[in-house]
Student: 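The structure that follows is given in the form of structure tokens.
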Amino acid sequence: MADQTKTVTGSSASHQAVAGEPYVQGSGGERYFFRFTLMQRYMHAIMFTTFLGLAATGLTIRFSTNAWAQHFAFAIGGFGAILFIHKLCAVTLTLEFLYHVKDIAVRILFRKEKGLLWGPSSMVPNLQDLKDIIGNFRWFFGLGPKPEIGRYAYWEKFDYWAVFWGMIIIGFSGYVMWFGPFFGRFLPGWALNAVQIVHGEEALLAITFIFSIHFVNSHLRPDNFPMDTTIFTGVMTEDEFKERHGHEYNKLATEGKLDEKLTTRPPTWLVNFSRLVGFTAVFIGLVLLVLTVSAYFRE
Amino acid sequence: MYPSGKYRRDWVKPLLFSRLKPARLSQPEKHPASTIPPILLPANYLMGQTPPSQHRHLQDTNNCWHELFCLRSIFDRLSNIPIQVAGFLLRCDEQGSRDPATAMGPSLWAWHTAACAVLFLLAVPSVLHAQTDCLSCHGDVTMQDASGNNVGVDAPTFHSSVHGSLECSACHTSITAYPHPDHPQAVKCASCHADEAAAVVGSVHENASDHPCTSCHGSAHAILPKDNPRSAVYPLNIPATCGKCHGDAAMAKKNHLANVYPTYMDSIHGYAVSKEGLLVAANCESCHGSHHILSHTSPQSPTYKTNIPDTCGKCHAGIQAKYMAGIHGKALASGNLKAPACTNCHTAHAIAQPSMALSTPMCGSCHKAQLSTYRDTFHSQVSDLGSYVEVARCSDCHGEHDILPASDPRSPVNPANLVKTCGRCHQNANAGFVKYEPHANPHNRRSSPVLYYIRLFMVLLISGVMTFFLLHTLLWLIRSLVEKTNGGFAKGGK
């Protein structure tokens, strides 16, 4: 039983490091359930920090003719500073990506975690996701009930794979541009031109997607408004668990494994800090989104 | 009228904008009124009889004629020796009235009388031609005629001017005797300066409302030689002289001219003239000429497009030679007026620095397609964000004055030279690397089909993903709001 939980969540030791009994209830009597490990939360934090840095500097380069881009570049020290920050964030994110790939590889090849590749706890899309999409659209139009989502919703899987794919595409094209003469030795001439198009357009997709769709779906939609802090605190309340991952909740409840997921209430400072970080990121993201969309359609 | 303080170089001011102010002459001493009988008008005139005059200041005082006999200045004395001798003799005569013959002795008296007569006769024809005569009235710098025009002449200034050795009547030819007409004829500079006057005819200044000569050279009584640093047309003073009108925004607007003086003064040429005091630096005259200034639309003008390389080449000979060898110079020499001359890239008065980011839009104003594709590149993005980073602009790859077509083996963008050209920035540039197309156009399916389809795929990917998820999110939002307001309407299986 405990092993299976670990399969899903990775190392689960860290989330219970908060002082107190393991099943402390909130002031309103809510129970808190564990969702993300500390490492997953750090990974997300590093990723969105570097992503914001990459987006801010990348958009400045992409829309360099706009006055805001030139003022921003001037303010932080010219193009040299812009490119330095961009490369610094890129290398950091690359290392994180490699760490993640290594982690996945170790878990699949050495720990033989089967649930990672297929099943309700896997990130790999399956038939249930298609059913959920259809069910959700039926629900949007009032044609059916709201589908009960498993551990990872299809839009969360899309987020994951979009980022995964995006990091490969954007990262590779970025390194080709960075080390042009080196890649020029074995890439055809047109590829050197193509990497710039691919890098820019794929990044635009990532930026507009994250700053509009991901923000709303995962942090701002009415159910979660004003800020879903699960990825920052690692836990969610029982209501949130039922609302967002009803299928997983029911499954755990029928199997009697719900208690294994119970955890402590996050400390107040962490909740406040999470909100602060979340709102800051959302604010920066929305500013960048407005600038991006306006600049893109003015081109 | 002269340029506003904002643009005026401070040191020019004392040279040009302050009048030369000599120490004011001391008040003439008052001589006792002469008692000599009026023998001849000139004598009478010389001895202090106040002539009838309409000059207002003369109605107040009757002693100005006595200035003739005061030790005013060396110039006065030297240029009027005959008159002064005559006057002296007459005064001797006056003093000797008690009996000069007795006092001098008969022989001396005879000689004295003869000399007096000869000298006096010599003196008479020069009377109204001598400066001193005129200056005895007009030497008062505050003198005005009946209409209120200033008709005073500052004697020391006049004497040190280029015209200082001339008699007044050399220019004021209509005045031959005194009293002279109230409205003498206008002075014609052309009577001496015929070539210059002819040059002004047909120039842009021909119909100027101001005096065609004095508006630049200053008052004819104060003109200094061109090599005098205080001359209005001394090379270092020319910009300020022209700027009196061409630095006046209102005047420029009225005449549909660019207000070029401030632009010029901030340029490298203006800086060299005003700050460094370089006589060889281009001032207005260097490019526009002086008396025969023509509009840049006139084919004879040194600022006409096809003449500009020669005009700039007067100083920038080396650059001109390069330019003439390049594609632009050849095109212009063959009469193609669309080809850029020096000023099209550098501008005429501001002389923009070529290292500025301005150079790409400058080239792009003709090479529009190339600018557009350049804009898509990393080179352009770096250049837009500017500062502190060296980046390839047009001239870094194509050269500047001697631009050659890529087919020319000497061109830096000839395929054989690309590794070297790109390698100036990109260390380890190699044959594969330089296959990069700096002006590829992914919007053009014919010229870059691969890039066209890659870009098309990316655009479709963005629009597809965003359309689906925007729709998804929007519907979700609406549904969630409906549920919240309707208290769980159609919650279904929940």
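Quantities reported herein were computed from a predicted structural model and do not represent experimental measurements. Here is the naming used below: chain letters follow the sequence lines, and residue numbers restart at 1 for every chain.
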Student: Need one label for V198(A): side chain, backbone, both or neither, based on atoms under 4.5 Å from any heavy atom in chain B.
Tutor: both
Student: Contact part of N428(B) toward chain A, heavy-atom cut-off under 4.5 Å: side chain, backbone, both or neither?
Tutor: both
Student: Name all pairs fulfilling the salt bridge (Lys or Arg N to Asp or Glu O under 4.0 Å) condition that reach into residues 173-202 of chain A, sequence neighbours left out, sorted by first residue then second.
Tutor: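 Residue pairs with at least one partner in residues 173-202 of chain A: R62(A)-E201(A).
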Student: Output, in order, the C-alpha distance, side-chain angles, deciding distance and verdict of side chain to side chain contact (heavy atoms under 4.5 Å, CB included) for F72(A) and L385(B).
Tutor: CA-CA 9 Å; F72(A) 179 69; L385(B) 302 177; over 6 Å; no
Student: Using a cut-off of 6.0 Å, state whether more than 12 heavy atoms not belonging to R138(A) lie near its atom CZ.
Tutor: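 Open: at most 12 neighbouring heavy atoms sit under 6.0 Å from CZ of R138(A).
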Student: If you tally heavy-atom pairs under 4.5 Å against chain B, which of F137(A), W155(A), F63(A) wins?
Tutor: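 If we count pairs closer than 4.5 Å to chain B, W155(A) comes out on top.
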Student: In this structure, are over 12 heavy atoms from other groups packed under 6.0 Å from F179(A) atom CZ?
Tutor: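 Buried by this count: over 12 neighbours within 6.0 Å.
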Student: Measure the shortest side-chain to side-chain distance between F378(B) and H199(A) over non-hydrogen atoms and say whether it is less than 4.5 angstrom.
Tutor: no
Student: Would you indicate whether F186(A), at its atom CZ, is surrounded by more than 12 heavy atoms from other residues, nucleotides or ligands within a distance under 6.0 Å?
Tutor: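 Yes, because the 6.0 Å sphere around CZ of F186(A) holds more than 12 heavy atoms from other groups.
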Student: Is there side-chain contact between W139(A) and W476(B), with at least one heavy-atom pair below 4.5 Å?
Tutor: yes
Student: Are the ring centres of F158(A) and F469(B) closer than 6.0 Å?
Tutor: yes
Student: Which heavy atom of L451(B) sits nearest a heavy atom of W190(A), and at what distance?
Tutor: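 In this case the closest contact between L451(B) and W190(A) is CD2-O, 3.8 Å.
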Student: Would the number of heavy atoms belonging to other residues, nucleotides or ligands and lying under 6.0 Å from NZ of K322(B) be above 12?
Tutor: no
Student: Tell me which of these, L461(B), L481(B), T473(B), V434(B), has more heavy-atom pairs under 4.5 Å with chain A than the rest.
Tutor: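 Counting heavy-atom pairs under 4.5 Å, the top option is T473(B).
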Student: Rounded to the nearest 0.5 Å, how far does CD1 of I197(A) lie from CG of L456(B)?
Tutor: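 Output value for this atom pair is 11.0 Å.
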Student: Under a 3.5 Å distance rule, please check whether Q196(A) uses its side chain to pair with a backbone N or O of D376(B) as donor and acceptor.
Tutor: yes
Student: Going from CG on N193(A) to CD1 on I454(B), what distance comes out if it is rounded to the nearest 0.5 angstrom?
Tutor: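 Output value for this atom pair is 9.0 Å.
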Student: Keeping the roles fixed (side chain from R479(B), backbone from F141(A)), state whether a donor-acceptor pair exists under 3.5 Å.
Tutor: no
Student: Sort by residue number and list every residue of residues 438-445 of chain B having at least one heavy atom under 4.5 Å from chain A.
Tutor: A440(B), P442(B)
Student: Side chain, backbone, both or neither: which part of I478(B) has a non-hydrogen atom closer than 4.5 Å to chain A?
Tutor: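 Contact with chain A: none, neither part.
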Student: Could you tell me which non-hydrogen atom of S380(B) sits nearest to which non-hydrogen atom of S64(A), and how far apart they are?
Tutor: O-OG, 4.4 Å
Student: Using a 6.0 Å cut-off, check whether atom NZ of K435(B) has over 12 heavy atoms from anything other than its own residue.
Tutor: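 At most 12 heavy atoms, drawn from other residues, nucleotides or ligands, come within 6.0 Å of this atom.
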Student: When only pairs under 4.5 Å are counted, which of V459(B), L477(B), L471(B) shares the most heavy-atom pairs with chain A?
Tutor: L477(B)
Student: Does Y154(A) have its ring centroid less than 6.0 Å away from the ring centroid of H472(B)?
Tutor: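 Yes, the ring of Y154(A) comes within the 6.0 Å limit of the ring of H472(B), centre to centre.
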Student: Working to the nearest 0.5 Å, report the span between CE of M458(B) and CG of L205(A).
Tutor: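 Interatomic distance, M458(B) CE to L205(A) CG, rounded to 0.5 Å: 7.0 Å.
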Student: What's the shortest heavy-atom distance between H426(B) and P181(A), and which atoms?
Tutor: CB-CG, 4.4 Å
Student: Report yes if some heavy atom in the side chain of M466(B) is under 4.5 Å from a heavy atom in the side chain of I213(A); otherwise report no.
Tutor: yes
Student: Is the count of non-hydrogen atoms from other residues, nucleotides or ligands lying under 6.0 Å from W161(A) atom CH2 greater than 12?
Tutor: yes
Student: Could you look at S212(A) and say if it's the side chain, the backbone, both or neither that has a heavy atom under 4.5 Å from chain B?
Tutor: side chain
